Amino acid sequence: MDWGDNIQIITNSELPVCHSGMKWATFPSQKVVYEDSRMISLTAPYISGFLAFREMPFLVDAVHRLQEKEPNLMPQVLLVDGNGVLHHQGFGIACHLGVLTGLPCIGVAKKLLQVEGLENNAAHKEKIQLLHAGGDTFPLMGGSGTVLGMALKSHDHSTKPLYISVGHKISLEAAVRLTHCCCRFRIPEPVRQADIRSREYIRRTLGLSGPPVPGQERNQKGPKSKAHPKGGSAEPAEENRHPEDPSKGPGTDPEAP
DNA sequence: GCGACAG
DNA sequence: ATCTTGTCGC
C-alpha cells in the first residue's frame with residue numbers, strides 16, 4: 001500500500017442530543033494526534049436524507065478550529081460517519097463536508113440507505129453472505145446503472161458490511177481500500193475512536209453533574225436532559241488532562257465473533 | 001395499522 | 001441514534 005505514513009484521518013461522531021466529537025490520527029499507525037470534543041446544541045431534527053442539515057455546521061466548525069489551532073495537522077482525508085453520493089440527491093453529508101472544507105472525504109455508513117432501487121432485501125442479504133474475507137466487496141448499483149458505492153466486509157469475521165461511498169476528491173476504489181486498512185474491528189478506527197471518545201467526554205462532563213437521586217433507577221425512561229446552556233460550549237471540569245489513554249484494557253469488542 | 005429507517 | 005438479552009472469545 002502506498003499511502004505513506006502521514007495521511008491523516010478525521011471522523012465525525014455526533015450523538016443525537018448534544019455532542020460533537022472528532023478525532024485526528026495518522027495513517028497507517030493510527031496514532032491519535034489531536035482530539036476535539038465539545039458540547040453543541042442541535043437544532044434540526046434527524047430526518048433520513050437530511051443528516052447534513054443537522055450536523056454539518058459542527059463538523060465545519062471543528063475543521064476550522066483545527067485550521068486555527070494546529071494547521072499543520074490538517075488531514076489529507078476525512079472519514080465521515082454517513083453517506084457520500086449514496087444518497088437520495090446524490091449528495092450526502094460526506095459530500096457536503098468535502099465541498100465546504102475542500103478536503104477529500106469518504107462516506108462510511110453502517111446501514112444501507114435505500115435509494116435508487118437499492119434495498120436491504122433478500123437478494124441484498126444474499127450478496128452479503130457471499131462475501132468471504134475481509135476486504136471483499138460488491139458494488140451498489142443505482143437504477144441508472146451507476147455505481148453509487150460498495151458494500152465492504154470490513155474484516156474476516158464481520159457479519160454486516162460497511163457501505164462506502166465517494167464523498168469528495170477520492171475514487172471509490174481508494175476509499176474502499178483506505179477504509180479497509182483502518183478496520184481493526186467492523187467500524188474503522190477513526191469512526192470508532194471518535195465514537196468512544198465522544199461518549200467518554202459526555203460521561204465525564206455530564207455524568208457526575210446530574211444529581212444522582214438516591215432512589216435513581218437504572219433505566220430512566222424520561223426525556224433526555226438538555227442540561228447544557230444553549231449557544232455555548234460546556235467546558236470540561238478538568239482542563240489539563242493527559243491525552244494519553246495508555247490501554248483500555250481488554251474491553252468488550254463490538255461485532256467480534 | 002403499515003412502511004421506512006445515513007445518524 | 002437508542003433499548004434489549006444472550007453468546008462467544010481474548
Side-chain angles (χ1 to χ4, degrees), chain A residues 10-23 40-60 62 78-98 105-122 124-125 140 142 148-152 154-168 175 179 184-188 190-192 194-199 201-203 206 217-226 247-257:
Chain A
I10 179 180
T11 301
N12 64 314
S13 172
E14 278 65 37
L15 275 63
V17 177
C18 60
H19 184 265
S20 166
M22 303 189 105
K23 170 239 182 185
I40 58 170
S41 296
L42 288 170
T43 54
Y46 170 68
I47 299 172
S48 177
F50 296 89
L51 184 60
F53 218 97
R54 176 174 166 86
E55 302 189 349
M56 187 56 44
F58 310 106
L59 303 187
V60 175
L78 318 183
L79 267 69
V80 182
D81 198 339
N83 287 296
V85 299
L86 177 48
H87 181 264
H88 299 98
Q89 281 72 241
F91 210 77
I93 190 168
C95 302
H96 282 258
L97 189 58
C105 286
I106 302 172
V108 182
K110 298 180 284 294
K111 298 175 189 169
L112 177 64
L113 182 57
Q114 307 192 149
V115 57
E116 275 203 40
L118 288 172
E119 217 178 332
N120 187 18
N121 54 19
H124 181 78
K125 289 170 181 164
L140 303 165
L148 299 177
M150 295 282 252
L152 167 69
S154 56
H155 72 122
D156 288 346
H157 302 290
S158 183
T159 305
K160 298 175 56 166
L162 295 174
Y163 297 96
I164 308 302
S165 58
V166 168
H168 193 56
T179 302
R184 262 179 22 103
F185 304 102
R186 183 172 88 103
I187 308 300
V191 178
R192 185 169 167 268
D195 223 70
I196 290 171
R197 286 158 186 262
S198 63
R199 290 169 199 279
Y201 176 83
I202 289 181
R203 204 189 65 226
L206 296 182
E217 302 300 329
R218 283 184 74 252
N219 286 327
Q220 193 87 19
K221 269 287 187 180
K224 304 273 188 180
S225 98
K226 293 241 193 272
S247 86
K248 298 232 174 249
T252 51
D253 293 329
E255 290 298 323

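Within every chain, numbering begins at 1; the chains are lettered A, B, ... in the order of the sequence lines, protein sequences first and strands thereafter. In this text the structure is predicted, and so the values were computed from the model without any measurement. The figures here come from the full heavy-atom set of this structure, side chains too, leaving out hydrogens, waters and symmetry mates.
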Under 4.0 Å, heavy atoms only, any strand: does A:G49 hit a base, just the sugar-phosphate, or nothing?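 Contact class for A:G49: base.
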Is the ring centre of A:H124 less than 6.0 Å from the ring centre of A:Y163?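 Yes; A:Y163 has its ring centre under 6.0 Å from that of A:H124.
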Ring centres under 6.0 Å, that's the criterion: do A:F185 and A:H155 meet it?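 When the ring centroids of A:F185 and A:H155 are compared, they turn out to be at least 6.0 Å apart.
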Quick check: do A:P161 and A:L152 have side-chain heavy atoms less than 4.5 Å from each other?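 A:P161 does not reach A:L152 side chain to side chain.
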Which atom names give the shortest non-hydrogen contact between [X] and [Y], and what distance separates them?
X      : Y      : answer
A:I93  : A:G82  : CG2-CA, 4.0 Å
A:A109 : A:N83  : CB-OD1, 3.3 Å
A:H88  : A:G49  : ND1-CA, 3.9 Å
A:G142 : A:L148 : CA-CD1, 3.9 Å

Rounded to whole angstrom units, what separation is found between the [atom1] atom of [X] and the [atom2] atom of [N]?
X      : N     : atom1 : atom2 : answer
A:N121 : B:dA4 : CG    : P     : 11 Å
A:I164 : B:dA6 : CD1   : C1'   : 12 Å
A:D81  : B:dG7 : CG    : P     : 6 Å
A:E119 : B:dA4 : CD    : P     : 7 Å
A:E116 : B:dA4 : CD    : C1'   : 18 Å
A:N83  : B:dC5 : CG    : P     : 12 Å
A:L86  : B:dC5 : CG    : P     : 12 Å
A:L112 : B:dA4 : CG    : P     : 13 Å

How long is the span from the CZ atom in A:R192 to the CZ atom in A:R197, to the nearest 0.5 Å?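 Reported to 0.5 Å precision, the distance equals 10.5 Å.
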C:dT4 to B:dG3 separation - C1' atoms, rounded to the nearest Å: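 Those two atoms are separated by 23 Å.
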Say we look at C:dC3 and B:dC2: how far apart would their P atoms be, to the nearest angstrom?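 It works out to 27 Å between them.
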Given B:dG7, B:dA6, C:dT2, identify the nucleotide with an atom nearest to the side chain of A:E55.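 It is B:dG7.
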Pair assignment for DNA chain B - dot-bracket with | for other-strand partners, Watson-Crick or G-U under 3.5 Å: .......
Report yes if a side-chain nitrogen or oxygen of A:K110 is closer than 4.0 Å to either non-bridging phosphate oxygen (OP1 or OP2) of C:dA1; otherwise report no.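 Yes, such a contact exists.
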With pairs taken as Watson-Crick or G-U wobble and both distances under 3.5 angstrom, which stems of at least three consecutive pairs involve DNA chain C?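 When the pairs of DNA chain C are grouped into runs of at least three, no such run exists.
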Main-chain N/O of A:G149 paired with A:S165 side-chain donor or acceptor, under 3.5 Å: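 No, because the side chain of A:S165 does not come within donor-acceptor range (under 3.5 Å) of the backbone of A:G149.
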What do you reckon, do A:Y163 and the base of B:dA6 stack, with centroid distance below 5.5 Å and planes below 30°?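 So A:Y163 does not count as stacking on the base.
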